[in-house]
Novice: 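Can you keep this structure in mind? I'll have questions shortly.
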There are 2 protein chains.
Amino acid sequence: MSATQEEIRRQLIDRIQSGEWSLGSLIPAEADLAREYGCARATMNRALQGLANDGLVVRKRKGGTRISLRPVRHAKVAIPIIRDQVEAMGETYSHHLVALTSKTAPLPIRTRLQLTKSVHALWVETVHKANGQPFALERRWLNQDAVPEINSAPLDDISINEWLVQTVPFSDGDVTFTATKLDASLAKTLGAATGDASFTIERTTWIEQHVITTMTLHYRPGYALKTAL
Amino acid sequence: MSATQEEIRRQLIDRIQSGEWSLGSLIPAEADLAREYGCARATMNRALQGLANDGLVVRKRKGGTRISLRPVRHAKVAIPIIRDQVEAMGETYSHHLVALTSKTAPLPIRTRLQLTKSVHALWVETVHKANGQPFALERRWLNQDAVPEINSAPLDDISINEWLVQTVPFSDGDVTFTATKLDASLAKTLGAATGDASFTIERTTWIEQHVITTMTLHYRPGYALKTAL
DNA sequence: TAGTGGTCTAGACCACTCA
DNA sequence: GAGTGGTCTAGACCACTAT
């Protein structure tokens, strides 16, 4: 008698993939399945919740559990610290602080940072390097009101990317992935050709409705973000 | 007395964000925390497993639970059917089958598809449109041995994208995101300018170690993939 | 070897929602 | 109203690993 939810889950997936349960069909109630597999209902519940979490089934109280009609798959993408990313490739990380000034932020940035009192924000531009070659360019606006400690941070020693992770970890945020055509200035900074395509991440970070920073990260041409389904 | 793991989880996150538990520090054993919060150990276990799943803490048997030293955030990216993606923008979906031929696959593709018997594979090129305008170009190699039903699929009516989701749902796969510089031919197909940057997804799909298909999806310039942290 | 998390059980009550 | 999933409890045993 198998009692592990992992094993049960695999068997349930088999029954779905084999077509025994077709798309959109209703499968037995978890109490019945628990009896069938000889496990406690809580165990079957964990197995089924796992499937629901992976998008394979849809569960509703009283409605029962159905095989997803349109299984939407999710890719879990890790957003690592850039130093770790470089070192994971077996290369040596370094970074170069290009700009660090407090200046007037353009209106859209002020809005995004929820700046009310001041129109100033901290502008930081950093080149991240792998084996001395440009790897990614980070351009960031930072809300100094939200993170006053920034003014005494040693940003020559530690990149602002790492500093933020250590200082305000566990923040919430949203992320946008795009492809950008490099203009002459960006291309030069990244050691690439003007017009090359750069994989780009935009990210805004907040902690309890308080926006901390918004940034754009341009990776050097050829960069690929890999993940599993 | 709060008894819900959701509430407990929020309180634990507060204690982390407030700095009461600093990065890398050990927090009490789940039995102790359960006593402190007046809940069963199973409940505290679910709360802590949730935090571990989000990368906020690291748990080890006997080693206890620690606040993550390098919290690696994960973005959960939905990989929808393109029809749904277009319709979610409030636009009308259509598609156009550009090519559909069985032909000799280049060696790297044969390797990726694990083709041994035959050197032939099905090549399918589809333009997905939103309100009649090109939205994305899908180029796909398909292992006919793995999915023989494809030969009788009505690919004029239904895009191969949708057909596969309905026929071999719940497959495993890997995904790569890149930025591509459009050549003249791609640009023309997408109604864009040569040299524009296209957000690109590469995806290989298999079911139980049996590779089914590998495809490249070029989105029109300006496309952005959004998600939450 | 002892302490920690991982997981299963059996039972209970609740929340939702379909008919 | 009744059937389903959601979740909590209390207890148990096990697996891993730091010491």
Side-chain angles (χ1 to χ4, degrees), chain A residues 1-13 15-16 20-72 76 170, chain B residues 1-13 15-16 20-72 76 170:
Chain A
M1 188 71 54
S2 75
T4 81
Q5 53 116 338
E6 265 305 335
E7 202 165 323
I8 289 171
R9 200 144 95 200
R10 258 181 281 120
Q11 294 184 34
L12 293 174
I13 291 177
R15 289 172 82 167
I16 296 173
E20 174 183 343
W21 293 325
S22 61
L23 262 62
S25 64
L26 197 62
I27 73 175
E30 66 181 33
D32 295 336
L33 283 172
R35 221 168 298 121
E36 178 182 340
Y37 283 85
C39 67
R41 183 167 82 92
T43 302
M44 185 54 69
N45 181 272
R46 276 193 294 275
L48 289 168
Q49 289 212 359
L51 298 186
N53 194 38
D54 291 349
L56 274 67
V57 300
V58 177
R59 319 194 72 199
K60 263 198 294 211
R61 279 157 158 147
K62 166 76 180 177
T65 301
R66 287 182 181 282
I67 309 300
S68 289
L69 259 177
R70 290 193 173 262
V72 174
K76 204 176 174 190
F170 317 119
Chain B
M1 189 72 53
S2 75
T4 81
Q5 53 117 337
E6 265 303 336
E7 200 164 323
I8 290 171
R9 201 144 94 199
R10 257 181 283 120
Q11 294 184 34
L12 293 174
I13 290 177
R15 291 173 81 165
I16 297 174
E20 175 183 342
W21 291 325
S22 60
L23 263 62
S25 65
L26 196 62
I27 73 174
E30 67 181 32
D32 294 336
L33 283 171
R35 222 169 298 123
E36 177 182 341
Y37 283 86
C39 66
R41 183 168 81 93
T43 302
M44 184 54 69
N45 181 271
R46 277 193 294 275
L48 289 168
Q49 290 212 358
L51 297 187
N53 194 37
D54 291 350
L56 273 67
V57 301
V58 176
R59 319 194 72 199
K60 263 196 293 206
R61 279 158 159 147
K62 166 75 179 180
T65 301
R66 287 182 181 282
I67 310 300
S68 288
L69 258 177
R70 291 195 172 259
V72 174
K76 205 177 172 189
F170 317 119

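Chain A is the first sequence line, chain B the second, and so forth, proteins listed ahead of strands; every chain is numbered from 1.
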Novice: A:R35 CZ to C:dT9 P: how many Å, rounded?
Specialist: 14 Å

Novice: Might you list the N or O atoms of the protein lying below 3.5 Å from N or O atoms in nucleotides 14-16 of chain C, with each pair's distance?
Specialist:
from	atom 1	to	atom 2	distance (Å)
C:dA15	N3	A:R61	NE	3.3

Novice: Tell me the closest heavy-atom pair linking A:R9 and A:L51, and the distance in Å.
Specialist: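 Scanning both residues, the minimum pair turns out to be CG-CD2, 3.4 Å.
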
Novice: Can you find a side-chain donor-acceptor pair between B:Q49 and B:N45 that sits under 3.5 Å?
Specialist: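 A pair is found: one side chain offers a donor N or O, the other an acceptor, under 3.5 Å apart.
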
Novice: Please give, in whole Å, the distance from C:dT4 P to B:L48 CG?
Specialist: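 One finds 13 Å between P of C:dT4 and CG of B:L48, rounded.
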
Novice: Tell me which nucleotide among D:dT7, C:dT9, D:dA12 gets nearest to the side chain of A:A40.
Specialist: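 For the A:A40 side chain, the nearest candidate turns out to be C:dT9.
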
Novice: Which nucleotide sits closest to the side chain of B:K60: C:dA12, D:dA18, D:dT4?
Specialist: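 Looking only at side-chain atoms, B:K60 lies closest to D:dA18.
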
Novice: From the list C:dT7, C:dC8, C:dC13, which nucleotide is the closest neighbour of the side chain of A:Q5?
Specialist: C:dC8

Novice: Under 4.0 Å between a side-chain N or O of A:T65 and OP1 or OP2 of D:dG5?
Specialist: yes

Novice: Measure from the side chain of B:T4, starting at C-beta and using heavy atoms only, and say which of D:dC8, C:dG6, C:dT4 lies closest.
Specialist: D:dC8

Novice: Tell me whether the side-chain N/O atoms of A:R59 come closer than 4.0 Å to OP1 or OP2 in D:dG6.
Specialist: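 It does, given that an N or O in the side chain of A:R59 lies less than 4.0 Å from OP1 or OP2 of D:dG6.
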
Novice: Measure the OG1-CE distance between A:T65 and A:M44 for me, rounded to the nearest 0.5 Å.
Specialist: 10.5 Å

Novice: In whole angstrom, what separates A:D32's CG from D:dG5's P?
Specialist: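 Rounded to whole Å, this separation is 8 Å.
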
Novice: Does A:N45 make a side-chain N or O approach to OP1 or OP2 of D:dG5 shorter than 4.0 Å?
Specialist: no

Novice: On DNA chain C, compare the nucleotides closest to A:E6 and B:A31; which residue's is nearer the 5' end?
Specialist: B:A31

Novice: Whole Å only: how far is the CD atom of B:E30 from the C1' atom of C:dT7?
Specialist: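 Distance check: B:E30 CD to C:dT7 C1' gives 10 Å.
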
Novice: OP1 or OP2 of D:dG6 versus the side-chain N and O atoms of A:Q49: is any pair under 4.0 Å?
Specialist: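 Yes, within the criterion.
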
Novice: Locate the shortest heavy-atom distance separating A:G24 from A:R66; write the atom from each residue and the value.
Specialist: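 Here A:G24 and A:R66 meet closest at O-NH1, 2.9 Å.
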
Novice: Mind calculating the distance between CG (B:L33) and C1' (C:dG3) to the nearest angstrom?
Specialist: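 Distance check: B:L33 CG to C:dG3 C1' gives 15 Å.
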
Novice: Looking at B:L12, B:L26, B:V57, which one forms a side-chain contact (heavy atoms from CB on, under 4.5 Å) with B:W21?
Specialist: B:L12

Novice: Measure from CG on A:N53 to P on D:dG6 and round the result to the nearest Å.
Specialist: 12 Å

Novice: Is B:R41 close enough to D:dA10 that one of its side-chain N or O atoms is under 4.0 Å from OP1 or OP2 there?
Specialist: no

Novice: Between C:dA10, D:dT9, C:dT7, which one does the side chain of B:C39 approach most closely?
Specialist: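 When the side chain of B:C39 is considered, D:dT9 is the closest of C:dA10, D:dT9, C:dT7.
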
Novice: Can you see if the side chain of A:T43 gets near the phosphate of C:dT7 - specifically, an N or O under 4.0 Å from OP1 or OP2?
Specialist: no

Novice: Once side chain to side chain donor-acceptor pair (under 3.5 Å) is applied, do any residues pair with B:D32, and if so which ones, sequence neighbours excluded?
Specialist: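 B:R35.
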
Novice: Using side chain to side chain donor-acceptor pair (under 3.5 Å) as the criterion, list what pairs up with A:R46, not counting sequence neighbours.
Specialist: none

Novice: Tell me which nucleotide among C:dT9, C:dT7, D:dA10 gets nearest to the side chain of B:A42.
Specialist: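 Nearest to the side-chain atoms of B:A42, counting from C-beta on, is D:dA10.
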
Novice: Write down the distance between CZ (B:R46) and P (D:dA10), rounded to a whole number of angstrom.
Specialist: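 Atom-to-atom, B:R46 to D:dA10, this comes out as 13 Å.
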
Novice: Tell me: CD of A:E7 to P of C:dC8, nearest whole Å?
Specialist: 10 Å

Novice: Is the shortest distance from a Lys or Arg side-chain nitrogen in B:E7 or B:R10 to a carboxylate oxygen in the other one below 4.0 Å?
Specialist: no

